[in-house]
Each structure stands twice: as C-alpha cells, then as structure tokens.
S.K.: 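Before anything else, here's the structure in question.
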Amino acid sequence: MELQKNKDLLRELPKVDQIIKNPAIDKLLDTYPRTLVVEAVRNSIDSIRKGILNGQFYQIDKMQEMVIQGVVDLLEKETRPNLRKVINATGVVLHTNLGRALLSKSARKAVDAVTSSFCNLEINLESGKRGSRYEPVEELITRLTGAEAALVVNNNASAVLLALGTLAKGKEVIVSRGQLVEIGGSFRIPEVMEQSGAILVEVGATNKTHPWDYRNGISENTALLLHVHTSNYRIVGFTRETTVEELVAIGKEGNIPVMSDLGSGFLVELSQFGLPKEPSVQETVAAGADVITFSGDKLLGGPQAGIIVGKRHWIEKMKKNPLTRAVRINKFTVAALEATLREYLDEQGVLKNIPTLRMLTEPTEEIRSRARELEKKLRMLLKVKVDIEVIGGTSQVGGGSMPTAEMATYILACVPENLSVDELAVNLRMSEPAVVARVQDGKYQVDLRTVQFEEIDMLATVMAKVLNSGEVSRR
Ligand SMILES: *Cc1c(COP(=O)(O)O)cnc(C)c1O
C-alpha cells in the first residue's frame, strides 16, 4: 500500500523540461545564467524524489510549486557570496574571526579610488622614474611614531619573521620565559624563531625575568634581545618584567639591538577612556628600541598589515631581505593604510573617524540608546511572545588586545518561547545578513557596542523574521 503510493508520487514528479517552461522559472533566466537555472531545477526535483523514496508524503497538486520554490532557494543560496556581511553583536570590537578592524570611510574611499583606475603604486610622478610602493606610508608612520624609518609588510606575523631573519639568522635571540606567546592560528614565538633561522635562548621564569637574567644569557653569539608584548594574556601577582627601556640599557652595554613585538600597537592613549595602560608605539620608540613591530588591523584600526618601525640601519637591511618581496603589501593595503594614518593627524577627529577607536571610546549612554532603539523596533515587528530586556554587561577589546579590559555596555537579551536560545543563534548566523551574538546565562545577548547605528533597522528586521517564523534552520 505504502509502496504503491510512493510509486504514484514518483510518476507525478514534474520533469525538467516542464518546469523550465514555467513562466516563474523563465523569469529567473533574466537574473541567473541558464546553466545554473537548469542545474537548480534538476537538484530541486532530485531532492523531492529523495524525500519520496524516504517515505515522505507530498500533495500531487503542490509538487510543481514546491519544485519551483526549491529552485528559487537553491539559486539564492548558490549565488550568494561565501564571504559576506555579518552584523557583529558579540561586543568584541576586534574580532579576528569577523575580520578585525572596520576601515574608516576615508580608507574605503581610498581603496575604491586606487582599484577602480590605475594608480602611481610604483612610479614617482615628478621624475617619471620608478618609485617605492612604501613611500606613501613611510613618511606618515615616522611622523606619527617618532621613529627614524618604517617598512610595512603583509601582517605582524611576517613582520616578526622578517625582523628575526634579518637581525638574527643563525644567531641567538634572548627572550623571557614569560613572553613565549602563542597568538591564534599557530603563531608561536618559539616556532616563528625556528622558522626565521634564529636560535631561541629562554631566560628567567614565567612570572619573573630580571635584567640580570638577560645579562647572564648574553654570549658572543647573541644578536638580539627580544621583548614580546603579552598582548592576549596577563601574568599577575608576584611578577617582574624587564621593560624595553631596561633592555635598551642592557643592549647598549654589549652593542646588541633590542626588538619589541608590540602585537596590537596603538598611537592614541586609550587609558584616558578607562582602558588599561599599555605602552604605545611612540613610547616604545622613545624607549630606544631598535625595531618595533605591530599589526595594522588591531588597535590601529586599519587594514591587515605588519608595520615595522625603528632605526634606519635595520630597516634598510630588512628592505634588502628577499623575504620582504614575498610578504609585500598590495595597493589596497597601501591605500587603506595611508588614509587610516592620515586620520591620526587630526587628534580630535581620529576617535570618531576610526571605527575601532570609536567603538572603544563610545560613551555607554549612546550604546544604551541604540539598545533601546533596537528593542522598540523589534517589539513593533514581533508577532510571537519573546522575553526581551535591555541589560547591562561588559564588552571586550578582542583581537588579542588588552585581555583584562572590561568595558561597560548595554545588551538586548532575548529568550524566545518557540525556539531554544541555541536554535535562535544558529538561525541568525544563517540568516541574511548573518548575525553573530553571544549566548550567555540562557539568553541570546546582542551587545550593541559593536552594532553600528545604520544596522539597527536591518538587525530588528532579521531578528523579527527568525523569531516570528520559529523554524529551526535547514542546513
Ligand atoms: C597579533 C599578534 C601577532 C600577529 O599579528 P598578525 O597581524 O595577526 O599577523 C604577533 N605578535 C603579537 C604579540 C600579537 O599580539
């Protein structure tokens, strides 16, 4: 009996040709290439066939309509870019998984300008001769940091690799045991050291490394004293860290250069906004470090890049290293970085114009008003019962920066009745645009610190859509 019913259904299954003639499908051909449409029709019919074979029941007169809806869904899914917009509702300002820093308006405009036409990437327009792609940013970097010279490479990991390989290949580098950092994505100081050809000499203990530990570690084969900013963890309690300044004094005794990997270098003092006091790039330059490296897309708020500043002698040596060519930056980066750095020339404007700095220094009152706005819009759109409230919470800096910093924030907390909180989180990650938030204390928590004002309407709409439908997403 059951089998007979399945056979009947299979016989009634629409044919590819028949579906293609349907005006609804014909219309799709205006938007999508024919091959994609035909493939989607075939796949949509196939998926219903599989359903029937699995014993699912379909109404015969609805089957054609279902195939067509399947085609629309498949085409939408398939032509959607894999890398796409996400609303960051995690409150983590520098979220490595969500692309770290947002670019300023000026940086986005600059990228557009140099990619939609030819540009003077490597030509000196005055002389007509070959120029350097680093020139547009070098002068700005040295001006802003007080360093003698600068170089920019693909990211900070490659900056560290290049610096170690140039200054200390085949020679010893002294590092404190408290600073053998691992950054996400398998960047570990001992391993990068090995890759660069330098020899790691560990000194001190995890919690305490004194200046005399470094002195005792020095041999005739020592090429570098390395200080690594413990950017993503803190050693607290009974501790002693030897500062860059102290290392510079030790280095001078034996004519040994000092390098500082700052990780998340910043140019604007953030402690005035309640964030922890950490050494800025300018302070590290002033302390006398020979080479300093930091990321372009962490606290600086620019594109992915590894910025190297320091003494001219060492920077020139790095420029001649063939590895520099292998890790060089492209024109998007030069354009975005130049525009980002120009923002820093306006000390007041920079806090508003660089999105990372704006999010880190925004008064909580403004975050609360966005939370209230989202709450109001969402309540208007909801057709089902959802427990919603605006609550206080804390956001994080992220991106392996200032790990102990806690910034007061406002959160829209949601507990739906028709879905579990985890199902809500999945559905919103799979929605268009995708939303990534936190699930904490049994609540779906939308931290408004990282949600832009322009995103509120979109966020309310997509949240309401998911909550109202109450469906568990098909994946
Ligand atoms: C983040 C970080 C790096 C790696 O920088 P990327 O720009 O991600 O390559 C290296 N060292 C430290 C201390 C860091 O914090």
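Both ligands and their constituent atoms are indexed starting at 1 by order of listing.
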S.K.: I'd like to know whether ligand 1 has Gln304 as a neighbour, heavy-atom separation below 4.0 Å.
M.R.: no
S.K.: Quick one: which ligand 1 atoms are inside 4.0 Å of a heavy atom on Ala157?
M.R.: 4 (C), 5 (O), 6 (P), 9 (O)
S.K.: Looking at Phe187, which atoms of ligand 1 are within less than 4.0 Å of one of its heavy atoms?
M.R.: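 Close to Phe187: 10 (C), 11 (N).
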S.K.: Evaluate the side-chain proximity of Asn156 to Asp261: yes if any heavy-atom separation is below 4.5 Å, no if none is.
M.R.: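 SC-SC contact between Asp261 and Asn156 confirmed.
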S.K.: Looking at Glu362 and Arg370, is there a salt bridge between them, counting it only when a charged N and a carboxylate O are closer than 4.0 Å?
M.R.: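 Salt bridge: yes.
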S.K.: Counting from 1, what ligand 1 atoms have a heavy atom of His229 closer than 4.0 Å?
M.R.: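 Under 4.0 Å from His229, ligand 1 has these atoms: 13 (C).
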S.K.: Applying the side chain to side chain contact (heavy atoms under 4.5 Å, CB included) test to Tyr344, which of Thr145, Leu140, Leu357 qualifies?
M.R.: Leu357
S.K.: Are Lys208 and Glu241 close enough for a salt bridge, meaning some N to O gap below 4.0 Å?
M.R.: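 No.
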S.K.: Do NZ/NE/NH1/NH2 and the carboxylate oxygens of Lys311 and Glu148 come within less than 4.0 Å?
M.R.: no
S.K.: Specify the protein heavy atom at minimum distance from atom 14 (C) of ligand 1: its residue, its atom name, and the distance to 0.1 Å.
M.R.: Lys298 NZ, 3.0 Å
S.K.: In ligand 1, which numbered atoms sit nearer than 4.0 Å to a non-hydrogen atom of Arg100?
M.R.: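 Atoms satisfying the 4.0 Å criterion: 6 (P), 7 (O), 8 (O).
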S.K.: I'd like to know whether ligand 1 has Val181 as a neighbour, heavy-atom separation below 4.0 Å.
M.R.: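 No, Val181 has no heavy atoms under 4.0 Å from ligand 1.
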S.K.: Give the residue, atom name and distance (to 0.1 Å) of the protein heavy atom nearest atom 10 (C) of ligand 1.
M.R.: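 Atom 10 (C) of ligand 1 sits closest to the protein heavy atom Asn156 ND2, 3.2 Å.
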S.K.: Going from CG on Leu448 to CD1 on Ile411, what distance comes out if it is rounded to the nearest 0.5 angstrom?
M.R.: 9.0 Å
S.K.: Taking atom CZ of Phe266 and atom NZ of Lys298, what is their separation to the nearest 0.5 Å?
M.R.: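 That separation rounds to 13.0 Å.
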S.K.: How far is atom 15 (O) of ligand 1 from its nearest protein heavy atom, and which residue and atom name does that atom have?
M.R.: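 Closest protein heavy atom to atom 15 (O) of ligand 1: Ser231 OG, 2.5 Å.
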S.K.: Work out whether the distance between some heavy atom of Asp261 and some atom of ligand 1 is less than 4.0 Å.
M.R.: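 Right, Asp261 reaches ligand 1.
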S.K.: With a cut-off of 4.0 Å, which atoms of ligand 1 are near a heavy atom of Ser295?
M.R.: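 Atoms satisfying the 4.0 Å criterion: 5 (O), 6 (P), 7 (O).
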S.K.: Give, for atom CE of Met402 and atom CG of Leu270, the distance between the pair rounded to the nearest 0.5 Å.
M.R.: 5.0 Å
